[in-house]
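Numbered from 1 within each chain, the chains take letters A, B, ... in sequence-line order.
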Amino acid sequence: MLEIQKIRDNTAACIEGLKKRNFPDPEDQLEKILNLDDLRKQLQKESDGLLAEINSLSKQIGELFKQKNINEVDILKAQVAEKKEASKNLEDRHKEVLTAIDELLYATPNIPHTQVVAGKSAEDNEVYKDWDSPFPELHAGALPHWELSDKYGIFDLKLGVKLTGAGFPVYKGRGAKLQRALINFFLDENTKAGYEEIQPPIMVNEESARATGQLPDKEAQMYHATLDNLYLIPTAEVPVTNIYRDVILKETEFPIKLTAYTPCFRREAGSYGADVKGLNRVHQFDKVEIVQFAHPTKSYDHLHEMLAHVEGLLQKLELPYRILRLCGGDMGFTSAMTYDFEVFSVAQKRWLEVSSVSNFETYQSNRLKLRYKDENGKSILAHTLNGSALALPRILASMMECHQTEEGIRIPKALHAYTGFEIIK
RNA sequence: GGAGGAGUGGCAGAGCGGUUGAAUGCACCGGUCUUGAAAACCGGCAUACGUGAGAGCGUAUCGGGGGUUCGAAUCCCUCCUCCUCCGCCA
């Protein structure tokens, strides 16, 4: 969530930023927050004063007891009782105001970076780096991945329906092996680039889900094990980022770079058509995530370093890609800047999103309470970043479609050592 | 799942109703000494919010939440976590 101090110091810039996202009536929203914060300060001042008086009276009572001056004690006790009543009321109001502020902050998205353009939807995204070579030529009768899957027996959605429900694919044979190969390939590449491999739990508690912003507003996106009040993670970002919840780092520890493979679970109801066909949108999928915790002055350097890393992966997979910088309206709620990677599927004649790399600046760390000490010993919020490197189903689909030949699906060279085969036929 | 024990500062560990935000040791930082280092000695060393130009002051926090009391790290309730024993089990 946003820092109130930042809103106070840069109100105009915050309003500008929210407008880029088409956030309705940002002036009103921020004003409400600031007014409530003023009220909060005033209430705390009153409450602290009252508590100080109570504390002081209690000490006096202690002294009087030692002196066996019981009559005086009763007078002071009465005073304390009175002040306590008032203090209780103040505290209740204080809590209410705090809750109200939180609710408003939860409902306010991150301020986009100044370079992010205004826009309403995907059409307004900037092409940051286009694919400038010809697209690979496919043979006549090239197929979309769901038909290729039937042809070569790569995954089985109907079987998933039998076992679980729609959107839970079953991978088979070389398809399953390819999944495993990709996971290992990505983890190895990420590790080589300096990311430490983490194997986190794939269920998290409420506190973790709250800290990375899945709760309260995106509750319906997550599978919830109600008996134990645990949530299946929608992305490794949740457990991995929470490793640094309530942590104060040393400035020298930056940057912290972590990578994790996990299954991801998303309920995402409400889409239809080509968007959800085949592997385009499923409820359970595998993803290798990269996460960085960075010094605020360096976070954009790291963002671009992550970009270059993901780009390298796509090159090794020999896929035609482009990089978009998302406009304000298409960016995620918590992001300050996001780049999307898209692979062009000649078979489907459209771009498929395969990775998203974002800088959250302090939006996440504020809720996480992830800070570092600067040279003056002051606590400063760190920046958090993450990206997919990479998500499996979309990549698998892209590879199937882009590398299909009349003989079968060609496996890019970089993967041969992992798959043990060079073609799926 | 059952029975018992325990959770205090970065770590270890006192305190078990009244100047205890918390002894002591270790670690860490600064200084003295030293050619340098070590040792020794001196000093510093939690977080958040409020307030103040600042020094500082106020408030809250001893696993989380609630309660008793004029006053709680200390008593009570509840939840969580860890340890020991029994049961079950990949």
A.B. asks: Taking atom P in both rA72(B) and rG64(B), compute the distance separating them and give it to the nearest angstrom.
C.D. replies: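 rA72(B) and rG64(B) have their P atoms separated by 16 Å.
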
A.B. asks: Using the C1' atoms only, state how far rU20(B) lies from rU61(B), rounded to an integer number of Å.
C.D. replies: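 Here rU61(B) and rU20(B) have their C1' atoms 14 Å from each other.
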
A.B. asks: Atom CD1 of Ile101(A) and atom P of rG50(B): how far apart are they, to the nearest Å?
C.D. replies: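 Distance, rounded to whole Å: 10 Å.
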
A.B. asks: Between His304(A) and Tyr128(A), what is the ring plane arrangement, given parallel below 30°, perpendicular above 60°, and tilted in between?
C.D. replies: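 Tilted: the ring planes of His304(A) and Tyr128(A) meet at 30° to 60°.
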
A.B. asks: What is the distance, rounded to the nearest whole Å, between atom NE2 of His94(A) and atom P of rA48(B)?
C.D. replies: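 Atom NE2 in His94(A) sits about 16 Å away from atom P in rA48(B).
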
A.B. asks: With rounding to the closest Å, how many angstrom separate the P atoms on rG2(B) and rC79(B)?
C.D. replies: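 Each nucleotide's P atom is 12 Å from the other's.
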
A.B. asks: Grab the CD-C1' distance between Glu207(A) and rG65(B) for me, whole Å please.
C.D. replies: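 The distance from CD of Glu207(A) to C1' of rG65(B) comes to 12 Å, rounded to the nearest Å.
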
A.B. asks: Tell me the interatomic distance from Ile75(A), atom CD1, to rC70(B), atom P, rounded to whole angstroms.
C.D. replies: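 So the two atoms are 16 Å apart, to the nearest Å.
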
A.B. asks: Do you see a donor-acceptor pair shorter than 3.5 Å between the side chains of Tyr321(A) and Glu311(A)?
C.D. replies: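 There is such a pair between these side chains.
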
A.B. asks: Mapping Ile54(A) and Gln5(A) onto RNA chain B by nearest heavy atom, which one lands closer to the 5' end?
C.D. replies: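 Result of the comparison: Gln5(A).
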
A.B. asks: Going by an N to O cut-off under 4.0 Å, is there a salt bridge joining Glu27(A) and Lys19(A)?
C.D. replies: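 Between Lys19(A) and Glu27(A) there is a salt bridge, with a charged N closer than 4.0 Å to a carboxylate O.
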
A.B. asks: Got a salt bridge between Lys95(A) and Asp92(A), using NZ or NE/NH1/NH2 to carboxylate O under 4.0 Å?
C.D. replies: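 No, no charged N to carboxylate O under 4.0 Å.
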
A.B. asks: On RNA chain B, nearest-nucleotide positions of Lys95(A) versus Lys59(A): which is more 5'?
C.D. replies: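 Result of the comparison: Lys59(A).
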
A.B. asks: Kindly express the pairing pattern of RNA chain B in dot-bracket notation, using | wherever a base pairs with another strand and counting only Watson-Crick or G-U pairs under 3.5 Å.
C.D. replies: ((((((((.[[[..)..(.....]]].(((((.......))))).((((((....)))))).[[[[[..)....]]]]])))))))....

A.B. asks: Side chains of Gln179(A) and Asp286(A): any donor to acceptor distance under 3.5 Å?
C.D. replies: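 Judged by distance alone, the side chains do pair up.
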
A.B. asks: To the nearest Å, how far apart are Lys77(A) NZ and rG18(B) P?
C.D. replies: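 Lys77(A) atom NZ is separated from rG18(B) atom P by 16 Å.
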
A.B. asks: Taking only N and O in the side chain of Arg40(A), is any of them less than 4.0 Å away from OP1 or OP2 of rC49(B)?
C.D. replies: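 Answer no for this pair, as no side-chain N or O of Arg40(A) is under 4.0 Å from OP1 or OP2.
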
A.B. asks: Measure from CZ on Arg8(A) to C1' on rG50(B) and round the result to the nearest Å.
C.D. replies: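 It works out to 13 Å between those atoms.
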
A.B. asks: Using the P atoms only, state how far rA39(B) lies from rG30(B), rounded to an integer number of Å.
C.D. replies: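 To the nearest whole Å, 14 Å.
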
A.B. asks: In whole Å, what separates the C1' atom of rC29(B) from that of rG10(B)?
C.D. replies: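 Going atom to atom, C1' in each nucleotide, I get 13 Å.
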
A.B. asks: Ignoring backbone atoms, test whether Lys84(A) places a side-chain nitrogen or oxygen under 4.0 Å from the OP1 or OP2 oxygen of rG71(B).
C.D. replies: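 For Lys84(A), the contact criterion (side-chain N or O under 4.0 Å from OP1 or OP2 of rG71(B)) is met.
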
A.B. asks: Taking the P atom of each, how far is rU47(B) from rC42(B), in whole Å?
C.D. replies: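 So the two P atoms sit 25 Å from each other.
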
A.B. asks: With the criterion being N/O to N/O and under 3.5 Å, what pairs connect the protein with nucleotides 56-59 of chain B, and how long is each?
C.D. replies:
from    : atom 1 : to       : atom 2 : distance (Å)
rG58(B) : N2     : Asp48(A) : OD2    : 2.9
rU59(B) : OP1    : Asn55(A) : ND2    : 3.2
rU59(B) : O2'    : Asp48(A) : OD1    : 3.1

A.B. asks: Between rG67(B), rU51(B), rA48(B), which nucleotide gets closest to the side-chain atoms of Lys88(A)?
C.D. replies: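 Within the option list, the nearest is rG67(B).
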
A.B. asks: Rounding to the closest angstrom, what is the interatomic distance between rG5(B) and rU78(B) at atom P?
C.D. replies: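 Result for the P pair: 14 Å, nearest Å.
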
A.B. asks: Within a reach of under 6.0 Å around CZ of Arg93(A), are more than 12 heavy atoms found that belong to other residues, nucleotides or ligands?
C.D. replies: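 For Arg93(A), atom CZ is not crowded (no more than 12 foreign heavy atoms under 6.0 Å).
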
A.B. asks: In terms of heavy-atom contacts, does CD of Gln315(A) have more than 12 from other residues, nucleotides or ligands at under 6.0 Å?
C.D. replies: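 Counting other residues, nucleotides and ligands, CD of Gln315(A) exceeds 12 neighbours.
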
A.B. asks: What orientation do His295(A) and Tyr372(A) show, parallel under 30°, tilted 30 to 60°, or perpendicular over 60°?
C.D. replies: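 Rings of His295(A) and Tyr372(A): tilted, as their planes differ by 30° to 60°.
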
A.B. asks: Can you tell which of rC70(B), rU51(B), rA48(B) lies closest to the side chain of Ser379(A)?
C.D. replies: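 When the side chain of Ser379(A) is considered, rA48(B) is the closest of rC70(B), rU51(B), rA48(B).
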
A.B. asks: Give the rounded distance in Å between these two atoms: CG of Asn229(A) and P of rC80(B).
C.D. replies: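 Distance, rounded to whole Å: 11 Å.
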
A.B. asks: Using the C1' atom as the point on both nucleotides, what is the distance between rA3(B) and rA12(B), in whole Å?
C.D. replies: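 rA12(B) and rA3(B) have their C1' atoms separated by 30 Å.
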
A.B. asks: Take the angle between the ring planes of Phe293(A) and Tyr244(A) and call it parallel below 30°, perpendicular above 60°, tilted in between.
C.D. replies: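 Aromatic pair Phe293(A)/Tyr244(A) classed tilted.
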
A.B. asks: Could you check Asp330(A), Thr338(A), Asp340(A) and say which one makes a side chain to side chain donor-acceptor pair (under 3.5 Å) with Asn125(A)?
C.D. replies: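 Filter result, single survivor: Asp330(A).
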
A.B. asks: If the cut-off is 4.0 Å, is Arg371(A) near the phosphate of rU47(B), judged by side-chain N/O to OP1 or OP2?
C.D. replies: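 False: Arg371(A) side-chain N/O out of range (4.0 Å or more) of rU47(B) OP1/OP2.
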
A.B. asks: In terms of relative ring orientation, are Phe155(A) and His145(A) parallel, tilted or perpendicular, with 30° and 60° separating the classes?
C.D. replies: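 Tilted, since the angle between the ring planes falls between 30° and 60°.
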
A.B. asks: Could you tell me the separation between the CG atom of Asn205(A) and the C1' atom of rC79(B), rounded to a whole number of Å?
C.D. replies: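 To the nearest whole Å, that distance equals 14 Å.
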
